[in-house]
Amino acid sequence: MAVKQLKKQLIASILSVAVAFVALASSTYAWYVSNNTVDATTSTIAAKTDNFVLQVAKLTEGAQYGTNQSLVASSIGHKISPSSTNDLKDWYASLTWGQDGLVHSYMQADVNETGEYTRDKTGTYTIDPARYAFIKSEYVIYTVTQTGTCDVYLATEDGVPAVQVTATGTATSDIIPKSLRVGITMQDLDGTTPSGDEELVLVYAPYDEAGKGNDGTGIDGWTYVADTANVAPVTYPHVYGENYIWTDSSKVQHNYAAQKNGSVYTAPTSNATTLASDVDCDGKIMRVYIWMEGTDEQCVNNSSEEDPSTYQVTVSLAGVAK
C-alpha cells in the first residue's frame, strides 16, 4: 500500500485502552475509615483500531512491527486504596482524624513502581498490611512503518464518552466510579530506551468535582493533598464526563478531543491540545494510572453498603495524520 494511502487511513485510526478491575466487597472504603482498600485482582488492556495503522503493545514487549495487528495488551492489577496526588510522583494517604470526623493530617509515603506504599518519608511508619496508591499500566503507541506521523487525541462520537467507567454485575454504590481518576502520561522513546521525562498530560474523572471531601482543610473543586496538613487546588490538566475542554490558570482553553465525522476523526477546530504529538513508527510510551482520589467529595464514609462489582475503564484515542 502506498504511503499516501496509509496516511489517509491514519485519520480514521482509533485506539481503545480498557482497564478492568474488581472492587472487592468492603463494609467501608472511605477516605477517613482506616484507608480501606478496594481489591483490583485483574487488569486487562484491549486496543482496537478500525485499521492496522495506530497500534498499541505492552511496553515490555515493544512495538510489534511484524504483525501489523498489535491490538490487544494485558496486565495484572492489584489492590488500591484512596490516595491523593498532584503529579503522580508524591502520594499521600490519610493519617489522623479529629472528633469532627474529618481528616486533619496525612502521611506522605514512598511508593514503588507497582503503586505500593513502602514506608513514609520519615522512615518511622511501615504500612502493614500492604496498601497501593494506584494501578499503572505501561504501553507503547506507534504507527505502522512508513505511514508518517500522527497527533493523538481523545476520541469522541455522539453519545459515547472518550473515557468510560462501566460496572459488570450489580453495583450497590457509585462511590468507586465517582471518585476515580484516570491519569495519562507520555514519554519519548529512543529506539527501545525511554528518553526524557515522563509527562502527565491529562487527568480524567467520570464526574466533575464541585464540592469538598471530608478533610479538615477541604475546599470546593478539584483538590489534592499538598502536604501533611493541607489540601490545595490541583494544577494538572483535567477534564470530566463528556467535557473535554480544560481552562488553565491563564484562562486559556485546551480541547483534547477529536471528533468523529462520518468514518474519520478530525482534530478540534479550535484550542486543539494533543495527548501526544508526532507519533511515528518508533512510538511513544503511554502510561495509564488509576486511583481513587481521597479528597473527592464522593470518597466518603459508606458504612451501610458494599460494592462487589467489576469496573472497566476504557480510554479511546484517535490518531489524526499530520
Side-chain angles (χ1 to χ4, degrees), residues 10-19 54 84-88 141 149-166 174 177-186 198-213 219-224 231-279 284 286-293 295-298 313-322:
L10 187 60
I11 298 175
S13 180
I14 179 172
L15 170 72
S16 295
V17 178
V19 181
L54 185 62
S84 187
T85 186
N86 188 53
D87 56 11
L88 303 180
I141 54 173
T149 63
C150 74
D151 287 339
V152 178
Y153 300 88
L154 293 175
T156 65
E157 54 183 296
D158 292 342
V160 181
V163 182
Q164 300 177 66
V165 179
T166 56
D174 58 6
K178 282 190 173 181
S179 62
L180 280 183
R181 301 290 187 268
V182 180
I184 299 172
T185 72
M186 295 290 174
E198 178 182 10
E199 179 186 3
L200 175 57
V201 295
L202 190 65
V203 173
Y204 174 88
Y207 299 85
D208 192 15
E209 175 65 7
K212 65 182 68 174
I219 54 178
D220 291 338
W222 288 62
T223 58
Y224 75 105
V231 302
V234 301
T235 61
Y236 52 68
H238 54 276
V239 296
Y240 62 89
E242 293 187 51
N243 174 67
Y244 309 110
I245 298 176
W246 171 61
T247 303
D248 65 25
S249 59
S250 300
K251 307 302 181 184
V252 176
Q253 291 190 328
H254 303 263
N255 190 340
Y256 292 92
Q259 297 292 326
K260 189 172 185 180
N261 298 304
S263 61
V264 301
Y265 281 86
T266 57
T269 56
S270 62
N271 306 313
T273 304
T274 65
L275 298 178
S277 300
D278 301 318
V279 176
K284 292 181 182 289
M286 178 181 72
R287 297 180 178 92
V288 177
Y289 295 76
I290 298 174
W291 75 98
M292 292 176 65
E293 176 54 55
T295 66
D296 190 285
E297 64 178 317
Q298 298 296 330
V313 178
T314 303
V315 181
S316 296
L317 307 176
V320 179
K322 297 295 289 285

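Sequence positions, counted from 1, serve as the residue numbers for this chain.
- Side chain of Asp151 to backbone of Asp278: a donor-acceptor contact under 3.5 angstrom is found.
- What you find for Tyr256 and Pro237 is that their closest heavy atoms are OH-CB, 3.3 Å.
- Every pair passing side chain to side chain donor-acceptor pair (under 3.5 Å) that includes a residue from residues 237-250 is listed here, sequence neighbours excluded: Asp248-His254.
- Here the closest heavy-atom approach between residue Ala162 and residue Leu154 is recorded as CB-CB, 3.8 Å.
- When the side chain to side chain contact (heavy atoms under 4.5 Å, CB included) test is applied to Thr185, the partners found at least two apart in sequence or on another chain are Leu88, Glu198, Leu200, Arg287, Tyr289.
- Ser179 is linked by a side-chain hydrogen bond (donor to acceptor under 3.5 Å, both in side chains) to nothing, counting only residues two or more places apart in sequence or in another chain.
- Remark: the backbone N or O of Gly241 is paired with a side-chain donor or acceptor of Tyr204 at under 3.5 angstrom.
- Closest non-hydrogen pair, Val279 versus Ile141, comes out as CG1-O, 3.7 Å.
- Thr235 meets the side chain to side chain contact (heavy atoms under 4.5 Å, CB included) test with Asn86; sequence neighbours excluded.
- Note that the CE atom of Met286 and the CE atom of Met186 stand 5.5 Å from one another [nearest 0.5 Å].
- Scored by the side-chain hydrogen bond (donor to acceptor under 3.5 Å, both in side chains) test, Glu209 finds no partners at all (sequence neighbours excluded).
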**From CA spacing to verdict: side chain to side chain contact (heavy atoms under 4.5 Å, CB included), Val182, Val315** = CA-CA 9 Å; Val182 180; Val315 181; 4.1 Å; yes
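- A pairwise comparison of heavy atoms in Trp222 and Ala205 identifies CH2-CB, 3.4 Å as the closest pair.
- Residues forming a side-chain hydrogen bond (donor to acceptor under 3.5 Å, both in side chains) with Asp220 (at least two apart in sequence, or on another chain): none.
- Atoms OH and CG, from Tyr236 and Leu202 in turn, are 10.0 Å apart once rounded to the nearest 0.5 Å.
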**Request:** Starting from the C-alpha separation in whole Å, work towards a yes-or-no answer on side chain to side chain contact (heavy atoms under 4.5 Å, CB included) for Asn271 and Ile245.
**Result:** CA-CA 9 Å; Asn271 306 313; Ile245 298 176; 5.9 Å; no
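- In this structure, OG1 in Thr85 is found 9.0 Å from OH in Tyr224, a value given to the nearest 0.5 Å.
- Residues Glu297 and Gly211 approach most closely at OE2-N, 3.1 Å, considering heavy atoms.
- Atom CD of Gln259 sits about 9.0 Å away from atom OH of Tyr265, to the nearest 0.5 Å.
- Ion pair Asp296/Arg181 flagged as a salt bridge, since at least one NZ, NE, NH1 or NH2 atom sits closer than 4.0 Å to an Asp/Glu carboxylate oxygen.
- A donor-acceptor pair is defined here as one N or O able to donate and one able to accept, closer than 3.5 Å; such a pair exists between the side chain of Thr295 and the backbone of Thr223.
- Of all heavy-atom pairs spanning Val320 and Thr266, the tightest one is CG2-C, 4.2 Å.
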